[in-house]
Amino acid sequence: MKTFHFLKNKYGAEILMDIGKYKDIPAYYFEHDLHTTDFYEIVFFLKGNGYLELDNQQLKLKNHTILFLSPFQKRRWFVDKSKIDCYFLLFQDGFLSTFFSDKLFTYKLQFFYNKSNPLFLQPAPEFIHQLHSLLQDLQAEIKQYRPDSEHMTRSILYYLLIKLNRAYATQYQLSSQMEGNTIAVAFKKLLQEQLTKNRGIDYYAQQLGISRISLNTQIKKQFGITVSEMIQEYTIAEIKSKLTYTNLSIKEISAHLNFSEPQHLTRFFKNATGLSPNEFRNTYQNGRSVS
């Protein structure tokens with residue numbers, strides 16, 4: 001599987017953000033072969049078709065669709081490139097975190113690292129058009145880079161991401177509050193990084209220096225689900241990814257996620273999905289449903 005890396009020096013100076021229309025996208029961008037990237041991606045489709053296969057999901061690409069992709073998500077594109085019209089916005093976490101004091105900003109955005117809700121918006125065309133001036137300002141700054149452009153691009157990107165977060169939270173009935181719940185966001189980051197090492201609630205509560213009850217209260221408030229539900233969703237997503245995109249045995253997947261026995265993973269997965277791991281693998285290979 002290929003991993004595409006962010007081109008930091010595309011414009012001469014090192015810039016950890018890029019933006020463009022479809023004609024500016026390198027040929028690999030709508031790659032049909034399985035691949036991943038090491039950067040965040042938001043794609044604004046004015047005209048879309050086909051679908052994106054993203055971590056076991058198939059997302060239909062309609063007109064006025066906005067997609068949100070986190071680093072290292074596995075994906076394949078099934079589109080007619082000749083009928084695509086879109087903006088793409090790419091950036092690495094360091095573009096924001098090295099400038100703003102909030103090192104957890106990208107984890108506060110509800111659409112990144114989300115295992116519960118669809119990773120797209122299909123808002124009214126009016127909202128898409130409202131974003132165009134921001135996208136055009138970003139593109140102009142990137143293409144005519146000046147000494148103060150770094151500050152300008154960061155500010156516009158920050159504003160754009162907050163607007164998108166509010167719209168996403170409204171559509172999926174989530175909290176759009178980005179301040180005051182650092183525990184929930186820190187847990188989200190820890191879970192993303194350490195799921196394969198530990199799936200215990202007590203472990204994460206200890207790492208964050210709070211009680212199980214307090215952790216659960218903060219997670220429920222921010223993400224609308226309990227701590228155990230969030231851990232389960234991340235675990236199921238990781239199992240599905242391994243079943244879909246690797247040839248690892250159930251025993252090997254079990255070891256990867258620290259299940260004491262393969263049958264414990266099988267029971268956990270079947271209780272959550274209604275299918276055994278092998279049944280899921282066979283079903284996925286024989287036919288995929290579009291969500």
Side-chain angles (χ1 to χ4, degrees), residues 36-42 54-57 66-75 91-98 100-121 157-158 160-242 256-258 272:
T36 188
T37 74
D38 68 352
F39 46 84
Y40 295 93
E41 303 164 73
I42 304 178
L54 180 68
D55 283 351
N56 312 114
Q57 300 180 57
I66 305 173
L67 289 183
F68 305 99
L69 292 81
S70 302
F72 302 108
Q73 284 188 292
K74 300 174 183 66
R75 77 289 304 267
F91 65 96
Q92 288 193 308
D93 186 56
F95 185 70
L96 294 171
S97 63
T98 57
F100 296 110
S101 60
D102 187 353
K103 305 304 180 186
L104 294 174
F105 176 75
T106 51
Y107 288 89
K108 290 180 178 180
L109 298 167
Q110 290 280 17
F111 43 75
F112 288 140
Y113 304 111
N114 193 317
K115 309 294 183 182
S116 306
N117 301 102
L119 299 177
F120 65 89
L121 278 174
L157 177 59
Y158 194 81
L160 176 63
L161 291 174
I162 291 175
K163 284 186 70 71
L164 288 169
N165 190 63
R166 289 179 178 178
Y168 186 89
T170 297
Q171 180 162 322
Y172 296 109
Q173 299 182 330
L174 302 169
S175 171
S176 65
Q177 296 302 310
M178 301 184 66
E179 304 302 329
N181 201 344
T182 56
I183 290 294
V185 179
F187 170 72
K188 182 181 179 182
K189 183 175 187 292
L190 273 176
L191 188 58
Q192 181 69 28
E193 295 172 347
Q194 301 188 29
L195 176 69
T196 59
K197 299 177 182 178
N198 202 304
R199 291 176 287 104
I201 298 175
D202 287 335
Y203 169 79
Y204 291 103
Q206 185 178 20
Q207 291 292 306
L208 295 167
I210 62 172
S211 69
R212 290 170 57 111
I213 294 174
S214 295
L215 177 58
N216 198 63
T217 298
Q218 295 301 320
I219 296 305
K220 186 76 174 178
K221 178 181 178 181
Q222 187 70 17
F223 303 118
I225 56 178
T226 65
V227 174
S228 60
E229 288 170 337
M230 193 165 177
I231 292 174
Q232 175 172 298
E233 287 176 349
Y234 272 64
T235 305
I236 291 298
E238 183 66 15
I239 295 171
K240 286 182 176 181
S241 179
K242 291 291 185 285
H256 171 72
L257 284 166
N258 281 309

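Since the model is a prediction, treat every value here as computed from it, not as a measurement.
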Any sub-3.5 Å donor-acceptor pair from [X]'s side-chain atoms to [Y]'s backbone N or O?
X: Asn198; Y: Tyr203; result: no
X: Thr36; Y: Gln73; result: yes
X: Asn258; Y: Arg199; result: no
X: Glu238; Y: Glu233; result: no
X: Ser241; Y: Ala237; result: no

Within the structure provided, determine whether [X] and [Y] are in side-chain contact (heavy-atom separation under 4.5 Å).
X: Leu191; Y: Met230; result: yes
X: Leu161; Y: Phe105; result: yes
X: Leu157; Y: Phe91; result: yes
X: Gln110; Y: Gln222; result: yes
X: Leu67; Y: Glu41; result: no
X: Ser70; Y: Phe112; result: yes
X: Ile162; Y: Tyr158; result: yes
X: Thr37; Y: Phe72; result: no

task = Could you walk me through whether Thr182 and Val185 pass side-chain contact (heavy atoms from CB on, under 4.5 Å), step by step?
result = CA-CA 5 Å; Thr182 56; Val185 179; 5.6 Å; no
With rounding to the nearest 0.5 angstrom, report the [atom1] to [atom2] distance, [X] to [Y].
X: Gln194; Y: Lys189; atom1: CD; atom2: NZ; value: 8.5 Å
X: Lys221; Y: Ile183; atom1: NZ; atom2: CD1; value: 12.0 Å
X: Ile239; Y: Gln232; atom1: CD1; atom2: CD; value: 9.0 Å
X: Ile210; Y: Leu215; atom1: CD1; atom2: CG; value: 4.5 Å
X: Leu174; Y: Arg166; atom1: CG; atom2: CZ; value: 15.0 Å
X: Asn165; Y: Leu109; atom1: CG; atom2: CG; value: 5.0 Å

ask   = How far apart are the closest heavy atoms of Ala184 and Ile219, and which atoms are they?
value =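 Between these two residues, the closest heavy atoms are CA-CD1, 3.7 Å.
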ask   = Which heavy atom in Asn114 sits nearest to a heavy atom in Asn117, and how many Å separate them?
value = OD1-N, 2.9 Å
task = May I ask you to decide whether Arg75 forms a salt bridge with Asp55, counting only side-chain N to carboxylate O separations under 4.0 Å?
result =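 Asp55 and Arg75: not salt-bridged.
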key: Worked check of salt bridge (Lys or Arg N to Asp or Glu O under 4.0 Å) between Lys188 and Glu193   = CA-CA 9 Å; Lys188 182 181 179 182; Glu193 295 172 347; over 6 Å; no
task = Applying side chain to side chain contact (heavy atoms under 4.5 Å, CB included) between Leu69 and each of Leu119, Ile42, Leu54, report the one that passes.
result = Leu54
request  = Let me see the working for Phe223 and Glu229 under side-chain contact (heavy atoms from CB on, under 4.5 Å), right down to the final yes or no.
outcome  = CA-CA 10 Å; Phe223 303 118; Glu229 288 170 337; over 6 Å; no
message = With a 6.0 Å cut-off on the ring centroids, do Tyr40 and Phe68 count as close?
response = no
ask   = How are the rings of Tyr107 and Tyr113 set relative to one another: parallel (under 30°), tilted (30 to 60°) or perpendicular (over 60°)?
value = parallel
ask   = Going through the distances and angles, do Phe111 and Leu121 end up as a side-chain contact (heavy atoms from CB on, under 4.5 Å)?
value = CA-CA 9 Å; Phe111 43 75; Leu121 278 174; over 6 Å; no
Under 3.5 Å side-chain donor-acceptor pair for Ser214 and Gln218 = no
query = Quick one: salt bridge (Lys or Arg N to Asp or Glu O under 4.0 Å) partners of Lys240, sequence neighbours excluded?
reply =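 If we apply the salt bridge (Lys or Arg N to Asp or Glu O under 4.0 Å) test to Lys240, skipping adjacent residues, there are no hits.
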task = Decide yes or no on side-chain contact (heavy atoms from CB on, under 4.5 Å) for Val227 and Arg212, but give the supporting numbers first.
result = CA-CA 9 Å; Val227 174; Arg212 290 170 57 111; over 6 Å; no
ask   = Is it the case that more than 12 heavy atoms not belonging to Gln206 sit under 6.0 Å from its CD atom?
value = no
